[in-house]
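Structure first, commentary second.
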Amino acid sequence: QVQLVESGGGLVQAGGSLRLSCAASGRAFSMYAMGWSRQSPGNEREFVASISGSGSSTYTAISVKGRFTISRDNAKKKVYLQMNSLKPEDTAVYYCAGRGQIGVAAETWSYDSWGQGTQVTVSS
């Protein structure tokens with residue numbers, strides 16, 4: 001497992017942008033596929049983006065496709081989520097996740113390392 005710490009959340013107006021960062025500690029970061037999921041009150045956790053260990057493959061949920069971009073910097077042991085054209089329905093706690101395999105995955109259950117979450121609030 002890796003230890004994960006998110007940052008970059010906050011309050012933004014609709015149409016604005018935010019970039020979330022996730023710092024990882026532990027060995028062999030490039031062997032971990034990474035992802036971002038989100039959860040808002042009363043809703044199930046939704047997986048929004050995933051990236052392979054090398055960064056060559058990504059997955060983006062239909063709900064955020066064209067607006068959110070996941071990327072990673074293995075030298076810095078960081079993964080990012082660039083969020084553009086934010087909508088009020090994007091309001092949620094965003095969690096960084098890691099899995100001990102290099103391939104992308106869109107299922108929450110396939111990830112075994114989680115950060116504490118960072119709040120993103122989009123006002124209308």
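- Note that the OH atom of Y32 and the NZ atom of K77 stand 10.5 Å from one another [nearest 0.5 Å].
- Once rounded to the nearest 0.5 Å, the distance linking OH of Y59 with CD of E107 reads 8.0 Å.
- Residue M31 holds its CE atom at 11.5 Å from OG of S52, rounded to the nearest 0.5 Å.
- By the 4.5 Å heavy-atom criterion applied to side chains, E44 and T108 are not counted as neighbours.
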Is there a side chain to side chain contact (heavy atoms under 4.5 Å, CB included) between V12 and M83 once you walk through the steps?
-> CA-CA 11 Å; V12 64; M83 305 186 294; over 6 Å; no

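- Looking only at side-chain heavy atoms (C-beta outward), C22 and Y80 stay at 4.5 Å or farther from each other.
- For N74 (side chain) and G53 (main-chain N/O), a donor-acceptor pair under 3.5 Å exists by modelled atom type.
- Between S17 and Q82, some side-chain heavy-atom pair lies under the 4.5 Å cut-off.
- M34 and G98 make their closest contact through SD-CA, 3.6 Å (heavy atoms, listed as atom of the first residue, atom of the second, distance).
- The OG atom of S25 lies 4.0 Å from the CD atom of Q3; values are rounded to the nearest 0.5 Å.
- Looking at S50, its side chain never comes within 3.5 Å of a backbone N or O of A106 through a donor-acceptor pair.
- Here the OG atom belonging to S113 is positioned 5.5 Å from the CG atom belonging to L4, to the nearest 0.5 angstrom.
- Under a hydrophobic-cluster definition in which Ile, Leu, Val, Met, Phe, Trp and Tyr are linked whenever side-chain heavy atoms come within less than 4.5 Å, directly or via other members, V104 and F29 are assigned to different clusters.
- Across all non-hydrogen atoms, the minimal contact from S110 to R99 is O-CB, 3.3 Å.
- Considering T91, N43, D90, T118 in turn, D90 is the only one that fulfils the side-chain hydrogen bond (donor to acceptor under 3.5 Å, both in side chains) rule with R38.
- Checking side-chain atoms of Q1 against main-chain N and O of D112 turns up a donor-acceptor pair under 3.5 Å.
- Hydrophobic clustering, defined by side-chain heavy atoms of Ile, Leu, Val, Met, Phe, Trp and Tyr closer than 4.5 Å, groups F47 together with V93, Y95, Y111, W114.
- When each of T60, T69, T58, L81 is tested with I51 by the rule side chain to side chain contact (heavy atoms under 4.5 Å, CB included), just one qualifies, namely T58.
- The number of heavy atoms from other shown groups lying within 6.0 Å of CD1 (I102) does not exceed 12.
- Of all heavy-atom pairs spanning E46 and S63, the tightest one is OE2-OG, 2.6 Å.
- L18 and V48 fall within a single hydrophobic cluster, where Ile, Leu, Val, Met, Phe, Trp and Tyr side chains are chained together by heavy-atom contacts under 4.5 Å.
- Closest approach of S71 to V79, counting heavy atoms only: O-CG2, 3.1 Å.
- Closest non-hydrogen pair, S124 versus P88, comes out as CB-CG, 3.8 Å.
- Contact check for Q116 versus E6: side-chain heavy atoms found under the 4.5 Å cut-off.
- Under the 3.5 Å distance criterion, the side-chain polar atoms of R72 are left unmatched by any main-chain donor or acceptor of G55.
- When all heavy atoms of S37 and R45 are compared, the pair lying nearest together is OG-CD, 3.3 Å.
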